[in-house]
*Asks:* 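Please read through the structure below; I'll follow up with questions.
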Amino acid sequence: MSHVRLTVRDIATSRAFYDGVFGWDVAFELPDDADEATREKLWFLFGGVIYSIPGGLLGLRPVAPGDDAFSEDRVGLDHLSFTVPDRGELDAATELLDSLGVAHGGVKDAGGMHILEFRDPDGIALELSAPSA
């Protein structure tokens, strides 16, 4: 996989969530004081941000209407899962989500792996997964 871009309603809300939960480095972002040449060069951001994540890039594109909502039951994305090394990382992620007030389903045994399910501010289904020991 090269990259994934998620459509979001509000970039500030989504940035706060993804920065707080994942803390990824930003690969591409339009500076506030960007000149016209820089704006043309970074046209593909659409007012969003692109993070550098293990194995590729993940972008946020703020073009969804304010009343739109994600549903894994429609055509498109069901959920997005990120691998962590072990069950201990899932437990640490549970503590982080709790400290940020992010609802989650707790760590579950999914047969051969453990998963931790939660949602971003737009309701996009996210998951962390770790191999079972």
*Asks:* Taking all non-hydrogen atoms of both residues into account, name the closest pair between S129 and L90 and its distance.
*Replies:*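 Smallest heavy-atom distance, with atoms named: N-CD2, 4.2 Å.
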*Asks:* Less than 4.5 Å apart, any side-chain heavy atom of D25 and any of Y51?
*Replies:*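 The answer is no, as the side chains (C-beta and beyond) never meet within the 4.5 Å cut-off.
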*Asks:* Would you give the length of the straight line joining atom CG of L80 to atom CG of L128, rounded to the nearest 0.5 angstrom?
*Replies:*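 Rounded to the nearest 0.5 Å, the CG-CG separation comes out at 10.0 Å.
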*Asks:* Once rounded to the nearest 0.5 Å, what's the spacing between atom OH of Y18 and atom CG of L60?
*Replies:*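 Taking OH in Y18 and CG in L60, the distance rounds to 6.0 Å.
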*Asks:* To the nearest 0.5 angstrom, please state how far the CZ atom of F46 sits from the OG1 atom of T7.
*Replies:*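 The CZ atom of F46 sits 10.0 Å away from the OG1 atom of T7.
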*Asks:* Is there a path from W24 to I124 through hydrophobic residues (I, L, V, M, F, W, Y) whose side chains come within less than 4.5 Å of each other?
*Replies:*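 Same cluster: W24 reaches I124 through Ile, Leu, Val, Met, Phe, Trp or Tyr contacts under 4.5 Å.
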*Asks:* Hey, could you give me the CZ/CZ distance between F118 and F17, rounded to the nearest 0.5 Å?
*Replies:*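 F118 CZ to F17 CZ: 5.0 Å, rounded to 0.5 Å.
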*Asks:* Give every residue pair that meets the side-chain hydrogen bond (donor to acceptor under 3.5 Å, both in side chains) criterion with at least one member in residues 66-76, sequence neighbours excluded.
*Replies:*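 Non-adjacent pairs meeting side-chain hydrogen bond (donor to acceptor under 3.5 Å, both in side chains): E72-R119.
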*Asks:* If you count the non-hydrogen atoms of other residues, nucleotides and ligands that lie under 6.0 Å from NE2 in H3, is the total more than 12?
*Replies:*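 Not buried by this count: 12 neighbours or fewer within 6.0 Å.
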*Asks:* Closest approach of R39 and A34, non-hydrogen atoms and distance?
*Replies:*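 The pair with the smallest heavy-atom distance is NE-O, 3.3 Å.
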*Asks:* Enumerate, atom names and distances included, each donor-acceptor pair closer than 3.5 Å involving a side-chain atom of residues 95-108, sequence neighbours excluded.
*Replies:*
| residue | atom | partner | partner atom | Å |
| --- | --- | --- | --- | --- |
| D98 | OD1 | H104 | NE2 | 2.7 |
| S99 | OG | L96 | O | 2.7 |
| H104 | ND1 | G106 | N | 3.0 |
| K108 | NZ | E117 | OE1 | 2.8 |

*Asks:* Roughly how far, to the nearest 0.5 Å, is the CG atom of L6 from the CZ atom of R61?
*Replies:*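 One finds 12.0 Å between CZ of R61 and CG of L6.
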*Asks:* Please collect all salt bridge (Lys or Arg N to Asp or Glu O under 4.0 Å) contacts where either partner lies in residues 43-58, sequence neighbours excluded, each pair once.
*Replies:*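 The answer is none; no pair qualifies.
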*Asks:* Identify whether V26 and L45 are in the same connected component of the hydrophobic contact network (ILVMFWY, side-chain heavy atoms under 4.5 Å).
*Replies:*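 Result: no, two separate clusters.
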*Asks:* Do L30 and V49 share a hydrophobic cluster (ILVMFWY, side-chain heavy atoms under 4.5 Å, transitive)?
*Replies:*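 No, it is not one cluster - the side chains of L30 and V49 are not joined through contacts under 4.5 Å.
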*Asks:* By salt bridge (Lys or Arg N to Asp or Glu O under 4.0 Å), which residues pair with D122, not counting sequence neighbours?
*Replies:*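 For D122 the salt bridge (Lys or Arg N to Asp or Glu O under 4.0 Å) partners, ignoring immediate neighbours, are R9.
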*Asks:* Please find the pair of heavy atoms, one from L57 and one from A27, that lie closest to each other, and give the distance.
*Replies:*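 Closest pair (atom of L57, atom of A27, distance): CD2-CB, 3.9 Å.
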*Asks:* Does any pair with a residue in residues 29-38 pass side-chain hydrogen bond (donor to acceptor under 3.5 Å, both in side chains), and if so which ones, sequence neighbours excluded?
*Replies:*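 Listed by first then second residue: R15-E29, D35-T38.
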*Asks:* Is there a path of hydrophobic side-chain contacts, each under 4.5 Å between heavy atoms of I/L/V/M/F/W/Y residues, joining V63 to I11?
*Replies:*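 No, separate clusters.
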*Asks:* Checking F44 now: which residues fulfil side chain to side chain contact (heavy atoms under 4.5 Å, CB included) with it, not counting sequence neighbours?
*Replies:*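 F28, L42, I50.
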*Asks:* Look up atom NE2 in H114 and atom CZ in R87, then write down how far apart they are to the nearest 0.5 Å.
*Replies:*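 Between H114 NE2 and R87 CZ, I get 5.0 Å after rounding to 0.5 Å.
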*Asks:* Does the D91 side chain pair with the main chain of T94, one donor and one acceptor, at a distance under 3.5 Å?
*Replies:*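 No.
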*Asks:* When hydrophobic residues are tied together by side-chain contacts of less than 4.5 Å, even through go-betweens, does F70 share a cluster with V21?
*Replies:*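 Cluster IDs for F70 and V21 match.
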*Asks:* Which heavy-atom pair separates G47 from P62 by the least distance, and what is that distance?
*Replies:*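 Here G47 and P62 meet closest at O-CG, 3.4 Å.
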